[in-house]
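Structure first, then comments.
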Amino acid sequence: MGFDDILNDPLLAEEIRRVFQRKGQPHPIDELEMMAHRAISRGEPGMGLAPARAPAPTGQASQSSAATAPQPRGARPPAFSVDMSMLSKLMWQYRSIVEFGRPMLRILNHRFELPESGEWRQLLEDARARIERFIPSVGRIDMENHPSLDWAGTGWLVDHNILVTNNHVAKFFAYPEGDTFSFFNHPVNNRRIRAFVDFSKEDARTAEGAKVEVTKVIYMAPGDDGPDIAFLELEPLPAGAPVPEPIAWASDEEVTSGVRVATIGHPAIDSRTGDLPVIEGALRGPPGTKRLSPGRIKAVHGETVLHDCSTLGGSSGSLVMSIESGSVLGLHFGGRPQESNYAVSARVIKDILGGIGR
């Protein structure tokens with residue numbers, strides 16, 4: 001999700017301006033522009049960054065004037081200090097926009113909370129029935145006996161006991177072996193790593209009977225260049241467990257730039273994620289629990305759908321759906337901070353599922 005994606009949305013950008021005005025605060029972009037102008041007027045090389053200045057001894061040139069003088073060959077450039085108050089304000093502005101324009105909404109009892117944004121609030125409330133029919137079918141993939149991880153990502157039911165997730169998620173506990181797939185063993189105790197799907201991970205607890213074991217890996221995409229997709233077979237679901245709703249797969253014509261979409265997954269803080277304090281603040285509540293994240297399709301490149309919903313590490317394997325129609329558009333598999341997120345298209349999922357006889 002990129003910062004510009006929110007502010008280039010005319011309705012949201014105007015709403016953000018009204019909300020900040022109502023709170024007696026300057027619009028974030030106005031504030032950022034003022035910060036930039038102040039930095040430029042002071043001759044600083046970057047917004048929030050300034051050459052470190054020490055008091056100059058009497059009779060000597062100041063640090064600022066010395067910095068403009070020709071430097072001898074091999075001289076070290078001036079050290080830079082960070083204007084923490086400015087960076088803190090920048091971080092707050094960015095976090096406010098993320099929380100408002102691309103929220104990660106908590107889910108409890110299979111119902112999502114409503115966002116602060118009136119634009120999103122109305123759109124999501126009107127689509128509540130279409131969205132919430134999928135929530136019980138989305139689960140967190142937990143692991144037992146893995147040497148370093150408790151869980152791997154997200155997956156969702158495409159049939160009564162068939163779950164789709166990412167290939168890179170399945171690789172945490174399984175690997176191809178000839179024409180089949182096997183589970184890894186722990187490198188020390190040699191016990192098999194077991195995988196489970198928890199359909200109730202809406203808070204820190206797990207509801208009784210909502211966690212089922214992965215009994216078989218049906219498919220893992222070959223190589224590293226293919227679609228990031230895997231299919232898992234689960235043990236029979238217990239009584240009361242989620243029964244997958246019939247999936248309406250989006251047509252290629254429906255998957256176009258600008259379509260309003262939402263992901264359902266389990267975002268969690270990942271130290272590899274950029275802007276960590278901002279995202280951690282925007283996440284709120286327990287990480288690794290089920291969230292709904294609205295956004296838009298940015299573009300479609302062949303078999304890959306680009307979107308700007310807020311996602312984190314645990315979001316791998318999230319369902320991507322159209323808010324307007326309720327059809328499934330793709331399988332989220334990754335992203336680059338401040339650029340875009342990526343999903344395997346619905347057509348690819350459907351074709352592979354049909355090819356393995358499901």
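All of these numbers come straight from a predicted model, not from anything done at the bench. Scope of the values below: all heavy atoms of this structure, side chains included, with no hydrogens, waters or symmetry mates.
- Interatomic distance, D142 CG to E213 CD, rounded to the nearest 0.5 Å: 11.5 Å.
- Proximity of a side-chain donor or acceptor of W156 to a complementary backbone N or O of G317 within less than 3.5 Å is detected.
- Put simply, NZ on K298 and OG on S257 are 9.5 Å apart, with the number rounded to the nearest 0.5 Å.
- Here the CD1 atom belonging to I356 is positioned 5.5 Å from the CD1 atom belonging to I218, to the nearest 0.5 angstrom.
- Here the CG-NE2 distance, from L234 to H160, works out to 12.5 Å after rounding to the nearest 0.5 Å.
- Looking only at side-chain heavy atoms (C-beta outward), N167 and I229 stay at 4.5 Å or farther from each other.
- Between S345 and V300 the shortest side-chain heavy-atom distance does not fall below 4.5 Å.
- Among residues two or more places apart in sequence or in another chain, the ring-ring contact (aromatic ring centres under 6.0 Å, His included) test is passed with F184 by Y175.
- Minimum interatomic distance between A343 and V320 (heavy atoms only, all atoms of both residues): CB-CG2, 4.1 Å.
- By the criterion of side-chain heavy atoms lying less than 4.5 angstrom apart, applied directly or through intervening Ile, Leu, Val, Met, Phe, Trp or Tyr residues, L124 is grouped together with V328 in one hydrophobic cluster.
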- request: Could you please spell out the steps behind the side-chain contact (heavy atoms from CB on, under 4.5 Å) verdict for W151 and D198?
  value: CA-CA 10 Å; W151 62 286; D198 185 348; over 6 Å; no
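- Between I141 and L163 there is a side-chain heavy-atom pair separated by less than 4.5 Å.
- Between F183 and F173, the ring-plane angle classifies as parallel under the 30° and 60° cut-offs.
- One finds the NE2 atom of H110 at 8.5 Å from the CD1 atom of I135 (value rounded to the nearest 0.5 Å).
- Counting heavy atoms from C-beta on, the side chains of P147 and I193 come closer than 4.5 Å.
- Checked by atom type and distance alone, the side chain of S315 never pairs as donor or acceptor with a backbone atom of S318 at under 3.5 Å.
- Minimum heavy-atom separation, S310 to T263: O-OG1, 4.5 Å.
- Residues V164 and Y219 fall within the same hydrophobic cluster, defined by Ile, Leu, Val, Met, Phe, Trp and Tyr side chains chained together at heavy-atom separations under 4.5 Å.
- Under the 4.5 Å side-chain heavy-atom criterion for ILVMFWY residues, no single connected hydrophobic cluster contains both V158 and L329.
- A donor atom on one side chain and an acceptor atom on the other are found under 3.5 Å apart for D228 and H168.
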query: side-chain contact (heavy atoms from CB on, under 4.5 Å) between L157 and F199: does it pass, once the steps are laid out?
result: CA-CA 10 Å; L157 291 168; F199 292 102; 3.9 Å; yes
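- For T165 (side chain) and T154 (main-chain N/O), a donor-acceptor pair under 3.5 Å exists by modelled atom type.
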message: Apply side-chain contact (heavy atoms from CB on, under 4.5 Å) to residues W120 and R260 and explain how you reach the verdict.
response: CA-CA 10 Å; W120 278 126; R260 300 273 192 177; 3.3 Å; yes
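- Judged by distance alone, with hydrogens and angles left aside, the side-chain atoms of R291 form no donor-acceptor pair with the main-chain N or O of P103 at under 3.5 Å.
- With R296 contributing its side chain and G258 its backbone, the two residues share a donor-acceptor pair below 3.5 Å.
- Inter-residue side-chain proximity for K211 and K201 is flagged as unmet; no heavy-atom pair is nearer than 4.5 Å.
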- request: Verify side-chain contact (heavy atoms from CB on, under 4.5 Å) between F231 and I349, making sure each step is shown before the conclusion.
  value: CA-CA 10 Å; F231 290 99; I349 303 171; 4.1 Å; yes
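- Within a 6.0 Å radius of CG in D150, other residues, nucleotides and ligands contribute 12 heavy atoms or fewer.
- To the nearest 0.5 angstrom, M220 atom CE is 6.5 Å from F181 atom CZ.
- Annotation for R192 and N185: closest pair CA-OD1, 3.2 Å, computed over non-hydrogen atoms.
- Residue L114 is grouped with residue I323 when hydrophobic side chains (ILVMFWY) are merged at heavy-atom distances under 4.5 angstrom, including chains of intermediate members.
- H332 and Y342 get closest at one heavy-atom pair: ND1-O, 3.3 Å.
- Among residues two or more places apart in sequence or in another chain, the salt bridge (charged side-chain N to carboxylate O under 4.0 Å, His left out) test is passed with E144 by R194.
- Distance alone, capped at 3.5 Å, places no donor-acceptor pair between the D252 side chain and the R347 backbone.
- The shortest distance between side-chain heavy atoms of R140 and K290 does not fall below 4.5 Å.
- The side-chain heavy atoms of V197 and V214, taken from C-beta on, include a pair separated by under 4.5 Å.
- Using a 4.5 Å cut-off on side-chain heavy atoms (C-beta onward), N161 and E235 make no contact.
- Here the shortest heavy-atom pairing between V259 and S322 reads CG1-OG, 4.2 Å.
- In terms of the salt bridge (charged side-chain N to carboxylate O under 4.0 Å, His left out) criterion, residue partners of K171 (sequence neighbours excluded) are, by chain and number, D224.
- Within 6.0 Å of CG on N109 lie no more than 12 heavy atoms contributed by other residues, nucleotides or ligands.
- The heavy-atom pair separating I264 from V138 by the smallest distance is O-CG1, 3.7 Å.
- At a threshold of 4.5 Å between side-chain heavy atoms, the hydrophobic network of Ile, Leu, Val, Met, Phe, Trp and Tyr places I131 and I247 in one connected group.
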